[in-house]
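These figures come from a predicted structure and were not determined experimentally.
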Amino acid sequence: MDDIFDLWVIGGGINGVGIARDAVGRDLKVGLCEQGDLAGATSSASTKLFHGGLRYLEYLEVNLVRKALIERETLLRAMPHISWPMRFVLPFHPDMRFEGETPVSRIVGRLMPWTKGSRPAWLVRLGLFFYDHLGGRKILPPTRTLDLRTDPAGIPLENRFERGYEYSDCWVEDSRLVALNARDAAERGAQILVRTKCVGARRHDDHWVIDLEDVNTGELFQRQARILVNAGGPWVEDIVRNTVRVHTDEGVRLVRGSHIVVRKLFDHDRAYFLQGEDGRIMFAIPYQEDFTLIGTTDEDHQGGPGTAECTPAEADYMRDFVNKYFEADIQAEDIVWTYSGVRPLYDDGAKSATAATRDYVLSVDTADDKAPLLSVFGGKITTYRKLAETALTKLAPHLRVVKPDWTAGVPLPGGDFPVDGVPEQIATLTAAAPFLDQKTIRRLIRAYGTDAVVMLDGADNVEALGRDFGAGLTEREVLWLMEKEWAQTAEDVVWRRSKLGLRMTPDQISALDTWMQSARV
């Protein structure tokens, strides 16, 4: 039965491609289907951070935070082109309060009732001390105290903020993370099928028969696999109940996280971690050189996962939140883009969306020793690699061979250079393509790393790169994305594999889409 896959993965988000890459690297036969584009939902709508989750310490999710903190530097070493260290400024003021009834707020309330729900400075600093030391930090610098009256980080803030703290986390280009994991999996032998929906699956003794539909053509076809992995993200529960038709008592809590993007609010490269009077937190992060990313909200989502969008109320909430910190107020017309994603959190019965656990749960159903089904509930982008390792460990008793864990420290495509090697990569590309402006060169290195030189190989002038669709996006780059990263539409290119949609006009994007459709024929 050589035509039977060892694993077939449903879902082309970060957990699905992470599991596929890990499994194929252990010499297993692996396939994956995704009903839309890679990272087409939650995995392209994150706050784009590899972080431990500082606020989760208030919920005493110490193991989750520790696991994520350890992963930050492991991931950073494997993808220094799409991930990099970032310093976060946490301005302090006496009005900071706990959100609702967190475990830490209850402890402080009992021991120090006079605090009346506020977050005292010593508690914030204690939390940052644990954040520094839980994960065995080696690359990232530790927390330091700031005098916001003299530090440049205090310039854009209201003058009531005099003291703050600066700590470390990491930025990551989330959509590119997914695409590069999928590409690496494919280059190792996995079959990756995008715009291919799983419309049904049934057990046949020791394997699964999987019914697939090509979304573009309507063609129906099948695959067979010994193990089925349901990494459907916000669709995971629907897949279990309605596609695979397996009984389960487990489910997801769909939580919507929305973001707004505005013209940049400050001129330095540090981000802000802002705490509200309602106990919530908000990030303001340098974005794509000329913008600031603000987010996120935590709202229980009603309706289908594909219907998520940033509501006017959410946009107003984020503006009002940030406007209490910065001197220059953000107006509604200053918003240049919004996006929203649905987090498929494991439904642990928490009272609020914010309190729901961000840890993952992997459930294996064997139905009286028949072909296994593994379903992935919850998870964070920071822990996707560990989730994949855990998934393979859980499935080991059902696999013909299990090779050891291997992904730690193995670079993703284009990431084979040191964490501090970006300036050298920029210099190399500048020498190879002197006809490109520095902004484009920086963008290409941050997107493709060492592959940028490979992509431009043989071009000795800008005309050799073909048509310029706008914002420095050339025919050469688009063909690379179509051939190596499964891009099929302009949206795939300008809103997922890049964010050039922020710089291109609607007419340019439409022209790109028309060209891509003709190039696919």
Side-chain angles (χ1 to χ4, degrees), residues 1 4-24 26 28-35 41-42 190-191 193 196-213 222-254 305 342-349 356-380 383-384 386-402:
M1 304 205 317
I4 295 186
F5 289 80
D6 292 306
L7 259 70
W8 189 270
V9 181
I10 303 173
I14 187 55
N15 290 330
V17 297
I19 291 171
R21 178 187 183 233
D22 190 314
V24 75
R26 302 176 195 246
L28 298 172
K29 187 174 182 180
V30 178
L32 177 148
C33 63
E34 160 56 45
Q35 65 180 347
T42 306
Q191 182 176 114
L193 302 178
T196 302
K197 184 175 183 179
C198 177
V199 294
R202 57 199 176 278
R203 286 184 169 104
H204 184 76
D205 295 329
D206 63 346
H207 66 277
W208 288 89
V209 177
I210 305 153
D211 298 317
L212 302 172
E213 179 185 9
Q222 292 182 337
R223 292 291 186 269
Q224 298 180 76
R226 295 180 176 86
I227 296 174
L228 187 63
V229 175
N230 174 10
W235 288 271
V236 61
E237 186 176 348
D238 179 67
I239 291 170
V240 172
R241 298 182 188 279
N242 301 315
T243 303
V244 182
R245 298 185 182 276
V246 169
H247 173 74
T248 180
D249 294 325
E250 296 171 307
V252 291
R253 182 173 188 163
L254 300 183
V342 177
R343 307 182 189 97
L345 306 183
Y346 183 72
D347 191 354
D348 60 355
T357 182
R358 264 55 176 178
D359 210 348
Y360 53 80
V361 173
L362 305 180
S363 176
V364 178
D365 178 270
T366 55
D368 299 323
D369 295 325
K370 293 185 178 179
L373 167 70
L374 182 142
S375 295
V376 179
F377 295 89
K380 284 163 46 72
T383 53
Y384 87 91
K386 291 300 294 182
L387 182 152
E389 286 186 344
T390 305
L392 269 294
T393 298
K394 274 186 167 288
L395 294 175
H398 310 285
L399 292 167
R400 56 184 170 81
V401 61
V402 180

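Between the OG1 atom in Thr366 and the CG atom in Leu373 there is a gap of 10.0 Å [rounded to 0.5 Å]. Atoms CG and OG1, on Asp365 and Thr248 in that order, are 8.0 Å from each other to the nearest 0.5 Å. The line from CD of Glu213 to SG of Cys33 is 11.5 Å long, rounded to the nearest 0.5 Å. The distance from the CG atom of Asp205 to the CZ atom of Arg203 is 11.5 Å, given to the nearest 0.5 Å. With rounding to the nearest 0.5 angstrom, the CG atom of Leu374 is 9.0 Å from the NE2 atom of His398. With rounding to the nearest 0.5 angstrom, the CG atom of Asn230 is 11.0 Å from the CG atom of Leu362.
Here the shortest heavy-atom pairing between Ala23 and Leu7 reads CB-CD2, 3.9 Å. Smallest separation of non-hydrogen atoms from Cys198 and Leu212: CA-CD2, 3.8 Å. Smallest separation of non-hydrogen atoms from Val24 and Val30: N-CG2, 3.6 Å. Nearest heavy-atom pair, Gly18 versus Ala388, reported as atom, atom and distance to 0.1 Å: O-CB, 3.5 Å. Of all the heavy atoms in Val252 and Pro234, the pair that sits closest is CG2-O, 4.5 Å.
A donor-acceptor pair under 3.5 Å is absent between the side-chain atoms of Glu237 and the main chain of Gly251, judged by distance alone. Using modelled atom types, one side-chain atom of Thr42 and one backbone atom of Val342 make a donor-acceptor pair closer than 3.5 Å. Between the Trp208 side chain and the Pro372 main chain, a donor and an acceptor come within less than 3.5 Å of each other. When atom types are taken as modelled, the side chain of Gln35 and the backbone of Lys197 share no donor-acceptor pair closer than 3.5 angstrom. The backbone N or O of Leu28 lies less than 3.5 Å from no partner atom in the side chain of Asp6, so there is not a single donor-acceptor pair. Put simply, the side chain of Asn15 never gets that close to the backbone of Ala231: no donor and acceptor are under 3.5 Å apart.
Counting only heavy atoms from C-beta outward, the side chains of Leu32 and Ile10 never approach each other to under 4.5 Å. With contacts defined as side-chain heavy-atom distances shorter than 4.5 Å, the pair Thr390/Tyr360 qualifies. Side-chain contact between Ile19 and Leu387 is present, with at least one heavy-atom pair separated by less than 4.5 Å. Using a 4.5 Å heavy-atom threshold, the side chains of Gln224 and Trp8 count as separate. Looking only at side-chain heavy atoms (C-beta outward), Leu254 and Leu345 stay at 4.5 Å or farther from each other. Residues Asp22 and Glu389 form a side-chain contact, since some pair of their non-hydrogen atoms from C-beta on lies under 4.5 Å apart. Residues Phe5 and Arg226 form no side-chain contact, since every pair of their non-hydrogen atoms from C-beta on lies 4.5 Å or further apart. Annotation: side chain of Leu228 is in contact with side chain of Ile210 (closest heavy-atom distance under 4.5 Å).
Applying the salt bridge (charged side-chain N to carboxylate O under 4.0 Å, His left out) rule to Arg245 yields no partners; only residues at least two apart in sequence or on another chain are considered.
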Should Arg223 and Gln191 be marked as a side-chain contact (heavy atoms from CB on, under 4.5 Å) after you check the CA-CA gap, both sets of side-chain angles, and the distance that decides it?
CA-CA 11 Å; Arg223 292 291 186 269; Gln191 182 176 114; 3.0 Å; yes
Start with the C-alpha distance between Arg202 and Asp211, add both sets of side-chain angles, then the distance that settles salt bridge (charged side-chain N to carboxylate O under 4.0 Å, His left out), and finish with yes or no.
CA-CA 9 Å; Arg202 57 199 176 278; Asp211 298 317; 2.7 Å; yes
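Note on Asp359 versus Lys380: no salt bridge recorded, every NZ/NE/NH1/NH2 to OD/OE distance being 4.0 Å or above.
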